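Working notes for the structure below.
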Amino acid sequence: MKIIMLGAPGAGKGTQAEKICEKYKLIHISTGDIFRENIKNNTELGKLAKGYMDAGELVPDEVVIDLVVDRITKKDCEDGFVLDGFPRTIPQAESFDEALAKSDMKIDYAINVEVADEVIINRISGRRACPKCSAIYHTEFNPPKVEGVCDNDGAEIIQRNDDKPETVLNRLKVYHEQTQPLIDYYENKDCLRTVDGSKSTSEVFDKIVNILG
Ligand code: AMP
């Protein structure tokens with residue numbers, strides 16, 4: 001199964017993508033995580049991506065497209081994958097479809113996790129991440145067992161630069177302008193399924209399982 005997660009930053013795409021991958025044994029590909037890993041390791045890709053990310057802007061299409069096409073053609077993706085954070089623009093979606101078609105593949109489902117902007121702002125302001133394993137917490141809705149410390153590895157959890165309030169507003173603007181048009185794009189391809197992302201994590205997941213079967 002080949003799945004795309006659509007939705008604004010903070011809609012819960014990453015959390016749902018992880019749960020889907022666990023249940024259906026698929027590979028989770030988060031472009032945001034790939035960039036953050038590269039920033040941590042100070043690679044050329046990381047240096048290029050950092051400025052865009054900190055400003056809440058998108059990394060240029062050609063950089064992201066090559067990265068994802070390269071990743072999904074690896075052997076471990078043969079049985080399927082869940083893309084989390086890609087595509088984010090129409091040109092990314094079109095180039096990706098072309099690349100998939102060359103290998104006789106196509107997307108089965110684009111799951112649109114729908115959440116109102118006010119809820120997003122509230123969620124992101126409390127979001128914290130582990131810099132070591134990328135686990136996501138929320139100060140109010142999903143706190144770690146010990147305050148300020150990751151449950152998995154004990155690292156001090158942090159607020160991502162791009163989760164700071166001034167950047168979040170720009171990310172939402174970028175989402176509405178550049179990513180939201182993908183909803184119609186996948187609707188036209190008959191693979192769009194929309195779920196109400198304002199519900200609890202498990203309720204949203206149940207709806208997704210109903211869709212995927
Ligand atoms: P995310 O963790 O998915 O919210 O991504 C964090 C940041 O990484 C975004 O705000 C962008 O700067 C960059 N990024 C991730 N995926 C993409 C993409 N498909 N196209 C362009 N930039 C991206």
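When a ligand or atom number is given, it counts from 1 through the structure's own listing order. Fair warning: this is a prediction, and the values are worked out from it, not measured in the lab. Numbers for residues simply follow the sequence, beginning at 1.
With respect to D162 and K50, no salt bridge is recorded, no charged nitrogen being found less than 4.0 Å from a carboxylate O. We find that D163 and R128 are not joined by a salt bridge, their nearest charged nitrogen and carboxylate oxygen being 4.0 Å or further apart. A salt bridge is defined here as a Lys NZ or Arg NE, NH1 or NH2 lying under 4.0 Å from an Asp or Glu carboxylate O, and E37 with K40 meets this definition. With salt bridges taken as basic N to acidic carboxylate O contacts below 4.0 Å, none links K102 and E98.
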- Which is it for D196 and S198 under the side chain to side chain donor-acceptor pair (under 3.5 Å) test, yes or no, and what are the steps along the way? CA-CA 6 Å; D196 177 358; S198 67; 2.7 Å; yes
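Around ligand 1, the residues contributing at least one heavy atom under 4.0 Å from the ligand are T31, G32, F35, R36, M53, E57, L58, V59, V64, G85, F86, R88, Q92, R160, D162, R171.
Under the 4.5 Å side-chain contact rule for hydrophobic residues, F35 and V168 do not share a cluster.
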